[in-house]
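Here the structure comes first, spelled out in structure tokens, and everything after it is commentary.
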2 protein chains.
Amino acid sequence: MARTQDQRKAETRARLLDAAARLFAVQGIDAVSVDAVADAAGRTSGSIYAHFGSKDALVTAVLDEWKDQVAAVVAAAFEAARDLPTRLDALWASFVDPPDSLGESWVLLEHELWARAVRDPVLREQLAARYANARAAMAVRYDDESDDVDSPASPLDTATLLLALLLGLEMQRRLDPAAVTDDVAVTGLLALLGARRPVESAPTNDGEGSP
Amino acid sequence: MARTQDQRKAETRARLLDAAARLFAVQGIDAVSVDAVADAAGRTSGSIYAHFGSKDALVTAVLDEWKDQVAAVVAAAFEAARDLPTRLDALWASFVDPPDSLGESWVLLEHELWARAVRDPVLREQLAARYANARAAMAVRYDDESDDVDSPASPLDTATLLLALLLGLEMQRRLDPAAVTDDVAVTGLLALLGARRPVESAPTNDGEGSP
DNA sequence: GTCTATAGATTGATAGAC
DNA sequence: GTCTATCAATCTATAGAC
């Protein structure tokens, strides 16, 4: 029956990681107790210490579990459509309205991890590698398109700029959704690639979101 | 002697706010106890409750105290130089290497406040207004330059894009300084304004920062 | 308004049974 | 490996003296 026990062990680990990721994203890591994670996973706090040893180690494990998450998201967005504006729109959509495969608010979890990483050298190196992966994935994808565009920077640098714009726009959108329309996002991404929007000019947005 | 007492009261409030802002930025809000703030300000925890009533109210007060901080930073950066690339470089510098007037790591404090704001409607409205101010300030400044550039979006939308790029680049730079050079930043900002870099082409950065 | 002392609650982590 | 019970530390907030 070792098979069954291994299965249960693996399932417990998976459930703990899943519950932790979801709760961390929604409430913030510091606001979530070890017991809360265990409860949400249908286990007890003891199992967390058996599997991970500490809450910090659990955070590290969550970060590690979704290792190539950002890179995968980026890659998937580019698969979807053919023309550049549509692809960039899909890329932006994966930040704003994520696929079910990731949690609904995976970007919030990224910010939680970032906030810890900038203060913890070990976490920082982990997360830095993740972002480097994401940039590399974008650079490759963007390379396929390179005949269509005329970017002012190298592919990797352009990926850095695209990722930056996505992160910064999503931050502002969380505070004030009306301030960041999809059209503005795509227009900005296109501008970083040295490309202009084709025919139909994007609607402008001079009225601000907040009253 | 009411004068002296009022002075002491005001000074205590100022010291508490200053200590709180600094500690919150460096250690993260949740990692800083009320006692720690009071100690750093040379007072005791009781004074914090006399002045603010709760730790959450202290956070709100910190956010409120630096109300137009981001807008002021943005405005100041544009005053510095005349030609566009130099101005954009100054703008980027205010994020990377802030003036002494702000704390050295005011951007970290902004992220701390953001992380709370996305989960608290009251804080969110406050911070949204602050960002709207910053965008408006940038839009005005950028308007002065509008003959030099050919932005693909409205002034306000362009400000949104510029702010997004600054935020996102700074995030990546905190994780991996080598991945985001000053030249890439300025190149990106210029691209969002529809302008290319003049004569001297920017050094590329194809080797990634992390080993 | 400021300080001291302390209540009240929560949390991360450990020990031991099964 | 998982659970129950519990310890020890920490933190927010309050009460009362000055």
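Letters A, B, ... are given to chains in the order of the sequence lines, protein chains preceding strands, and every chain is numbered from 1.
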Show every donor-acceptor pair shorter than 3.5 Å between a side-chain atom in residues 57-78 of chain A and any protein atom, with sequence neighbours excluded, or say none if there are none.
from    : atom 1 : to       : atom 2 : distance (Å)
A/Thr60 : OG1    : A/Asp56  : O      : 3.1
A/Asp68 : OD1    : A/Asn133 : ND2    : 3.1

- Message: Going by side-chain contact (heavy atoms from CB on, under 4.5 Å), name the residues that satisfy it together with A/Gln27, two or more places apart in sequence or in a different chain.
- Response: A/Leu23, A/Ala31, A/Val32

- Could you tell me from which nucleotide to which nucleotide of DNA chain C, 5' to 3', there is an atom under 4.0 Å from chain A heavy atoms? C/dT11 to C/dT14

- Message: Filter on salt bridge (charged side-chain N to carboxylate O under 4.0 Å, His left out), then keep only pairs touching residues 90-106 of chain B, sequence neighbours left out; what's left?
- Response: none

- Message: I'd like to check the salt bridge (charged side-chain N to carboxylate O under 4.0 Å, His left out) partners of B/Glu11; sequence neighbours left out, ordered by chain and number.
- Response: B/Arg15

- Task: Sequence neighbours left out, what passes side-chain contact (heavy atoms from CB on, under 4.5 Å) with B/Thr44? Give chain and number order.
- Result: none

- By side-chain contact (heavy atoms from CB on, under 4.5 Å) - contacts of A/Val149 (at least two apart): A/Leu84, A/Tyr142, A/Leu193, A/Ala195

- Query: side-chain hydrogen bond (donor to acceptor under 3.5 Å, both in side chains) with A/Asp18: which residues, sequence neighbours excluded?
  - Reply: A/Arg22

- Which parts of residues 15-41 of chain B get close to DNA chain D, meaning a heavy atom less than 4.0 angstrom away? B/Val32, B/Ser33, B/Val34, B/Asp35

- Item | A/Arg87/A/Glu79 salt bridge by N-O under 4.0 Å criterion | no

- Query: What parts of residues 48-62 of chain B reach DNA chain D, counting only heavy atoms under 4.0 Å away?
  - Reply: B/Tyr49, B/Ser54, B/Lys55

- By ring pair (Phe, Tyr, Trp, His ring centres under 6.0 Å) - contacts of A/His111 (at least two apart): B/Trp114

- Message: Just to verify, what does A/Ser45 make a side-chain contact (heavy atoms from CB on, under 4.5 Å) with, not counting sequence neighbours?
- Response: A/Val34, A/Asp35

